[in-house]
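Have a look at the structure below, then the notes.
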Protein chains: 2
Amino acid sequence: MSRARKGFSLNESKSKQEIYEVAEKLFSKKGYHGTTIREIAQARGILSGSLYSHISSKEDLLFQIVDDGAEAFLGALEPIVRSSEDAKSKLRQGLAAHIGVVTTQMDAAKVFLHEWTALSEFRREIIQDKRDRYENLWAELISEGISEGVLRDQDPKYLRILILSIGNWVYEWYKTTGDLNPEQLADRFMDIILNGAAFK
Amino acid sequence: MSRARKGFSLNESKSKQEIYEVAEKLFSKKGYHGTTIREIAQARGILSGSLYSHISSKEDLLFQIVDDGAEAFLGALEPIVRSSEDAKSKLRQGLAAHIGVVTTQMDAAKVFLHEWTALSEFRREIIQDKRDRYENLWAELISEGISEGVLRDQDPKYLRILILSIGNWVYEWYKTTGDLNPEQLADRFMDIILNGAAFK
DNA sequence: CCTACCGATCGGTAGG
DNA sequence: CCTACCGATCGGTAGG
């Protein structure tokens with residue numbers, strides 16, 4: 001998550017970070033191609049040329065945002081997968097972690113989930129790898145659930161897709177005011193996923 | 001769904017339709033802002049200026065694609081909601097219809113689900129209305145399920161979101177080869193949604 | 001459907 | 001961080 005990673009001075013990294021925050025918001029709202037470098041600069045109160053003492057290109061900006069998003073998801077899920085709790089509560093915590101990332105970093109999450117395809121090949125592959133790693137962590141959680149006898153022994157692929165679909169779509173509808181918090185949401189969804197919505 | 005709606009001659013509407021198909025593909029792959037009018041023209045084998053005897057603007061093209069998408073979803077779900085079957089099979093059929101639209105018209109569905117926000121205000125509102133209508137149809141299905149005693153009597157909002165999240169995300173991962181067909185997919189997902197993934 | 005072009009804007013740079 | 005600008009490309013148009 002930290003963007004002050006390469007030993008910039010405090011002021012430099014503060015300026016840089018403000019640019020990232022502004023770009024995150026704009027890329028999330030209007031898309032990467034729909035956002036101009038001049039809009040980003042204007043939102044920071046400077047001229048477009050001045051951006052380039054802090055960034056090297058527009059795509060560089062996108063990559064750092066997308067990569068931060070990837071790291072946020074991985075960093076939230078990894079400790080849960082590695083923990084020694086039972087499979088059921090790991091599944092619940094995993095979904096809460098995912099929803100937590102989406103709701104507390106809505107712009108970055110949306111850019112990560114949707115604008116990463118605008119990256120050029122080399123950098124897109126780096127992100128593809130992290131996406132694969134994240135999916136594999138979920139595959140692990142589900143296969144633990146099956147081997148512990150908590151989950152029905154079905155093709156785990158579609159359960160994984162079902163869970164991630166629910167978690168990913170959150171940025172499309174979630175409002176900070178009026179909706180359940182991430183923990184409550186994860187409880188609600190995981191109750192349906194595990195026990196079903198049917199009346200018994 | 002029909003694009004030959006305003007009485008154009010056969011040839012005109014054929015040319016027009018080819019432009020829509022090409023634009024659908026490109027908007028889906030690279031986004032509305034990431035696609036240039038020249039790319040669309042080139043994919044049809046003509047020059048950019050020549051497009052404008054068939055369309056009136058780039059945004060017009062987007063609107064027609066998005067609106068067709070909206071109509072496809074509404075047209076597939078409406079007869080199911082109006083039918084007199086039991087709530088459980090209407091829910092299953094509704095999800096199959098939704099997944100059917102997404103998988104058989106993947107490009108149009110993706111553009112409808114994601115690029116509609118690029119529309120200017122007036123036309124975005126028209127689409128917002130149709131999205132609301134579609135959501136309300138689902139709300140109806142769920143409330144029937146509750147009143148028929150098929151579904152647990154919980155806040156229906158999150159069940160509706162859960163179902164639509166699963167259905168909408170399909171375009172992100174579905175491959176025509178190797179995956180289940182829409183009916184099978186809907187069965188699989190609806191089984192988990194109704195009965196849960198937990199072992200009992 | 002093409003030729004020929006338009007004003008505007010794009011991402012980015014040089015030099016201070 | 002600004003001034004001043006670059007070549008390229010954008011959506012779109014006039015006239016055939």
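Within every chain, numbering begins at 1; the chains are lettered A, B, ... in the order of the sequence lines, protein sequences first and strands thereafter. Note: hydrogens, waters and symmetry copies are ignored here, and every other heavy atom, side chains too, is used.
- By the 6.0 Å and 45° rule, Arg131(B) stacks over the aromatic ring of Phe112(B).
- Nucleic acid contact for Ile46(A): sugar-phosphate only, since backbone atoms but no base atoms lie under 4.0 Å from a heavy atom of the residue.
- For the pair Arg123(A) and Phe63(A), the cation sits on the ring face: its NZ or CZ lies under 6.0 Å from the ring centre, inside 45° of the axis.
- In this structure the side chain of Asp107(B) never reaches within 4.5 angstrom of the side chain of Ile65(B), judged on heavy atoms.
- Annotation: the span from Trp169(A) atom CH2 to Glu172(B) atom CD amounts to 8.0 Å, rounded to 0.5 Å.
- Distance CD (Gln42(B)) to C1' (dT9(D)): 14 Å, rounded to an integer number of Å.
- Within the 4.5 Å cutoff, no side-chain heavy atoms of Phe199(B) are placed close to those of Ile146(A).
- The pair Asp191(B)-Arg92(B) does not count as a salt bridge, with every side-chain nitrogen at least 4.0 angstrom from each carboxylate oxygen.
- Salt bridge Arg188(A)/Glu183(A): absent, no basic N to carboxylate O contact under 4.0 Å.
- Between Leu51(A) atom CG and dC10(C) atom P the separation is 13 Å, expressed in whole Å.
- Taking the six-membered ring for Trp, His114(A) and Tyr171(A) have ring centres closer than 6.0 Å.
- Leu47(B) places its CG atom 11 Å from the P atom of dA4(C), with the value rounded to the nearest Å.
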Q. Where does DNA chain D pair, written as one dot-bracket string 5' to 3', with Watson-Crick or G-U pairs under 3.5 Å, ( ) inside the strand, [ ] for crossing pairs and | for another strand?
A. ||||||||||||||||
Q: List the protein contact pattern of nucleotides 11-16 of chain D with one symbol per nucleotide (5' to 3'): B for base contact, S for sugar-phosphate-only contact, - for none; contact means a heavy-atom distance under 4.0 Å.
A: BBB---
